[in-house]
Amino acid sequence: MSKMKYPHLFTPLRIRNTYFQNRIFSAPQGCYNNGPAALPGREYAAFYERKAMGGFASVCLGDCIVEASTGMHMPWLINMEDIENLPYLAMTAQAITRHGAVAAAELCHDGMYSITSKEKYGGPLYGPVECDNKYGHVEEMPEHMILRLIDKHGKAAAYAKRCGFGMMTIHAGHGWLPAQFMSSKINTRKDKWGGSFENRMRFLLAVIENIRNAVGSDMPIECRFSGSEIVPEGYDIAEGVEIAKALDGKVDILHVSAGMVYYGRTNVVTHPSMFLEDGCNSKYAREVKKNVKQSLVATVGAFTDPAHMEDFVASGGADIVEMGRQTLADPDFPIKARTGREDEIARCLRCNMCAYNGGNTRVFRCALNPETGFELDAWMKPPVQTKKKVLVAGGGVGGMEAAIRAAERGHDVILCEKTDKLGGVLNCEENVPFKKNMPIYLRRQARLLEINNVDVRLGTEVTPEYAESIGADVIIAALGARPVIPRITGIELALGAEEVYEEPEKAKGKVAILGAGLVGIELAIWLAQRGHAVEIIEMADKPGVDYNRMELIAYRFMIEDLGIKLNFEKRAVKISETGVDTECGAVSEHFRADTVIYAVGQKPLASEMEKLAHCAGEFHAIGDCVRPQNIMEATTSAYGIACDIGRV
């Protein structure tokens, strides 16, 4: 018998009459690429099915709204009152369960934050008490409405069971309606639904009882709640433990999250930013686990390492580990961990491109996994008609992805990198603590090149002569870009951002960084963490990272906490031994600095790329040599082009 490396993670569970193949669950996650009438289609089902295929024991649909007219905060969420959803939800449940996973539905009501209900149905916002919030005036929920919503939870659970879901998850965390009732800060009602702790718990306990009556004794019920709401407006872990004790034995799984919706600092803890440690919210689950006797405990929040997860479960911190963004970065996480292929796992960078795209276009995307959001397309790739010899010029992120995908498709692939190391520009961030998953990702890509028998040639520049000597059928140019050196008097006294990333000791004393884009801001944060006083000088009127809302919040708080000074609408005109001279209209200003660093953008190696355009019958250019791109754009184009090769 083979020895299981992670025996605690892969010990099955039987909860009531339901079998879970391991302790790794896919946490509740919404999918918003449903149709014009908010009806989920085949793409919607495939989004969840892909996780089940990867070996997650349970896969949970997020944002299933129990009453659309009063409880919906976005118009494309699943309406559990709409019978038109029946075949689509049944198809989704079956897509999950046919791979051995348990399909779960997260039942939600957003209470006082239900702005879509207000706008669509014309009624007021309702919460436990009368108050005002960012969406307007909130009316106190009358008792007949409370009773109706308790009943609606049961009806929604019965509907989900009819569709084939095998577990119900109640969303009682992050400030949604049950949490609003539980809150001692919010719920000051004078009747039996508020005031005392017993009264504040009454709504959620009644919801649980109603759901149990609706689904019967065999089905597990999970309750997701915040162990701590973290902010002064919410409750702390001591009160979170009391909530857990009141729920102990009433539900089968206590899913311990953290945070309170619409409070910025908790958003980047509920969805941990790259600046927080792995498993940063697990301390709340551990505390709950110590204080409950009957219910199982699940933890969630920035887990990417199966060894870390195994240790946490083995030490009694929790019974189950749930994963959100990591399921998008690598939906095969469980099967890879179980079969000893940890070095092939793509670990989530916490860049939040998924959250940005999910909110901006309603299609989740992932920087590392180009199949996320296109699961059906990935399964229906056209077959390779002709195997080809492919030369990839450039071993950065785009080049490695293109080489791996082309080799997976059966092509003979050569990857050339002119330096002595794969990874391109991202190698300079190797020692940045909050980017620790980036070098792990680059090592993973190098491992996949090896597994797929790609001929990797380091220290090899692809010139037109070299390309023609290879005799490739296809050339993919992924040559990258180089930093723009600004035309400023005294620029020779400054350092480039890449140079400082590679040798941070070159930065002395007080630092001025020219450029408030992603590179400049992250470098400022790292240098401030290393003890430097840092100022950022930017020509524009705002940072250049507003493409990514959630991560911008995290950057803003780091800048605030580290005392980094932001100076906008300042054009640098001269660098001297004492700092930087700037102009803003007719106003001149000198910023004192011991070290000046420029991070003002990248210039594509376009001419080098164009020289290769006629060296093979088929030619493609990807990544920064076309235009400066982020990781997601590079991996997406690399994947798409690699899958096209040999199609005809």
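Bear in mind the structure is a predicted one, so any value in this text is a computation, not a measurement.
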Quick one: are Leu448 and Met400 in side-chain contact, heavy atoms under 4.5 Å? no

Could you check whether Glu242 pairs with Arg200 (Lys NZ or Arg NE/NH1/NH2 to Asp/Glu carboxylate O, under 4.0 Å)? no

Check: Thr116 and Leu77 side chains under 4.5 Å, non-hydrogen atoms: no

Pairwise distance CE(Met323) to OG1(Thr327) - rounded to 0.5 angstrom: 8.5 Å

Is the backbone N or O of Pro334 less than 3.5 Å from a side-chain atom of Asn22, with the two atoms forming a donor-acceptor pair by type? no

Any side-chain donor-acceptor pair under 3.5 Å between Glu222 and Thr169? yes

Contact summary for Pro306 and Glu342, nearest pair of heavy atoms: CG-CG, 3.8 Å

Looking only at non-hydrogen atoms, find the nearest pair between Lys289 and Gly316 and report the distance. CG-O, 3.1 Å

Among all residues two or more places apart in sequence or in another chain, which pass the side-chain contact (heavy atoms from CB on, under 4.5 Å) test with Glu408? Ile404, Arg405, Asn452

Determine whether the aromatic ring centres of Tyr262 and Tyr135 lie less than 6.0 Å apart. yes

Here the gap from Ile78 atom CD1 to Leu107 atom CG, rounded to the nearest 0.5 Å, amounts to 12.0 Å

Salt bridge check, Arg224 against Glu322: does any charged N sit closer than 4.0 Å to a carboxylate O? no

Polar side-chain atom of Asn357 near backbone of Phe364 as donor-acceptor pair, under 3.5 Å: no

Closest non-hydrogen atoms of Glu233 and Met260, given as atom of the first, atom of the second and distance, are O-CE, 3.8 Å

Between Met167 and Ile15, does the side chain to side chain contact (heavy atoms under 4.5 Å, CB included) criterion hold? Intermediate values first, please. CA-CA 10 Å; Met167 182 165 74; Ile15 306 175; 5.7 Å; no

Does Arg162 CZ have over 12 foreign heavy atoms under 6.0 Å away? no

Locate the shortest heavy-atom distance separating Met168 from Ala160; write the atom from each residue and the value. CE-CB, 3.5 Å

Given 3.5 Å as the limit, does a donor-acceptor pair link the side chain of Asn281 with the main chain of Val269, or not? yes

Could you walk me through whether Thr635 and Val397 pass the side chain to side chain contact (heavy atoms under 4.5 Å, CB included) test, one step at a time? CA-CA 7 Å; Thr635 57; Val397 168; 3.5 Å; yes

Would you indicate whether the side-chain heavy atoms of Tyr159 and Asn85 approach each other to under 4.5 Å? yes

If you measure from CZ on Arg338 to NZ on Lys5, what distance do you get to the nearest 0.5 Å? 14.5 Å

Contacts of type ring-ring contact (aromatic ring centres under 6.0 Å, His included), residue Phe56, not counting sequence neighbours: none

Is a side-chain N or O of Lys51 found less than 3.5 angstrom from the main chain of Pro331, in a donor-acceptor match? no

Are the charged groups of Arg98 and Glu49 less than 4.0 angstrom apart, N to O? yes

How far does NZ of Lys436 sit from CG of Asp278, to the nearest 0.5 angstrom? 3.5 Å

Residues Asp343 and Lys336 bridged, charged N to O under 4.0 Å: no

What do you reckon, is NZ of Lys381 surrounded by more than 12 foreign heavy atoms closer than 6.0 Å? yes

Identify, with sequence neighbours excluded, every residue that meets side-chain contact (heavy atoms from CB on, under 4.5 Å) alongside Ser315. Arg286

Using side-chain heavy atoms (C-beta onward) and a distance below 4.5 Å, is Pro40 in contact with Leu89? yes

Check whether Gln180 reaches the backbone of Gly175 with its side chain - one donor and one acceptor, N or O, closer than 3.5 Å. yes

What distance separates Thr636 OG1 from Asn369 CG, expressed to the nearest 0.5 Å? 9.0 Å

Which residue pairs satisfy the ring pair (Phe, Tyr, Trp, His ring centres under 6.0 Å) criterion with at least one member in residues 306-329, sequence neighbours excluded? Phe303-His308

Just wondering, do His73 and Trp176 contact through their side chains at under 4.5 Å, heavy atoms? yes

Hey, are Glu522 and Tyr555 close enough side-chain-wise for a donor-acceptor pair under 3.5 Å? yes

Polar side-chain atom of Ser295 near backbone of Ile253 as donor-acceptor pair, under 3.5 Å: no

Side chain to side chain contact (heavy atoms under 4.5 Å, CB included) assessment of Leu328 paired with Phe47: CA-CA 9 Å; Leu328 306 180; Phe47 176 80; 3.6 Å; yes

What distance separates Glu239 CD from Ser183 OG, expressed to the nearest 0.5 Å? 7.0 Å

Side chain of Ser26, backbone of Cys60: donor and acceptor closer than 3.5 Å? no

Between Ser58 and Val102, is there a donor-acceptor pair closer than 3.5 Å when you use the side chain of the first and the backbone of the second? yes

My understanding is that only residues two or more places apart in sequence, or in another chain, count here; which of them pass side-chain contact (heavy atoms from CB on, under 4.5 Å) with Arg347? Thr304, Asp305, Gln326, Ile345, Asn437, Ile440

Between the side chain of Lys152 and the main-chain N/O of Val66, is any donor-acceptor distance below 3.5 Å? no

Which heavy atom of Gly259 sits nearest a heavy atom of Thr266, and at what distance? CA-CB, 3.8 Å

Compute the ring centroids of Tyr44 and Tyr88, then answer whether they are less than 6.0 Å apart. no

Between His174 and His171, how do the two ring planes meet: parallel, tilted or perpendicular, split at 30° and 60°? perpendicular

Is there a side-chain contact between Met558 and Gln529 in this structure, where contact means two heavy atoms from C-beta onward sitting under 4.5 Å apart? yes

Would you indicate whether the side-chain heavy atoms of His109 and Val207 approach each other to under 4.5 Å? no

Is a salt bridge present between Glu375 and Arg42, judged by a nitrogen-to-oxygen distance below 4.0 Å? no

Nearest heavy-atom approach of Thr299 to Ser282 is OG1-CA, 3.4 Å

Between the side chain of Glu43 and the main-chain N/O of Leu376, is any donor-acceptor distance below 3.5 Å? no

Would you kindly say whether Tyr356 and Asn352 are connected by a side-chain donor-acceptor distance under 3.5 Å? no

Step through the shown structure and confirm whether more than 12 heavy atoms of other residues, nucleotides or ligands are within 6.0 Å of NZ on Lys155. no

What residues form a side-chain contact (heavy atoms from CB on, under 4.5 Å) with Val363, not counting sequence neighbours? Asn33, Thr361, Arg365

Can you tell me if Glu229 and Ser226 form a side-chain donor-acceptor pair at under 3.5 Å? no

Would Ile221 and Arg212 count as a side chain to side chain contact (heavy atoms under 4.5 Å, CB included) here? Give the steps. CA-CA 8 Å; Ile221 297 175; Arg212 173 58 66 209; 3.5 Å; yes

Phe225 versus Leu204: any side-chain heavy-atom pair under 4.5 Å? no

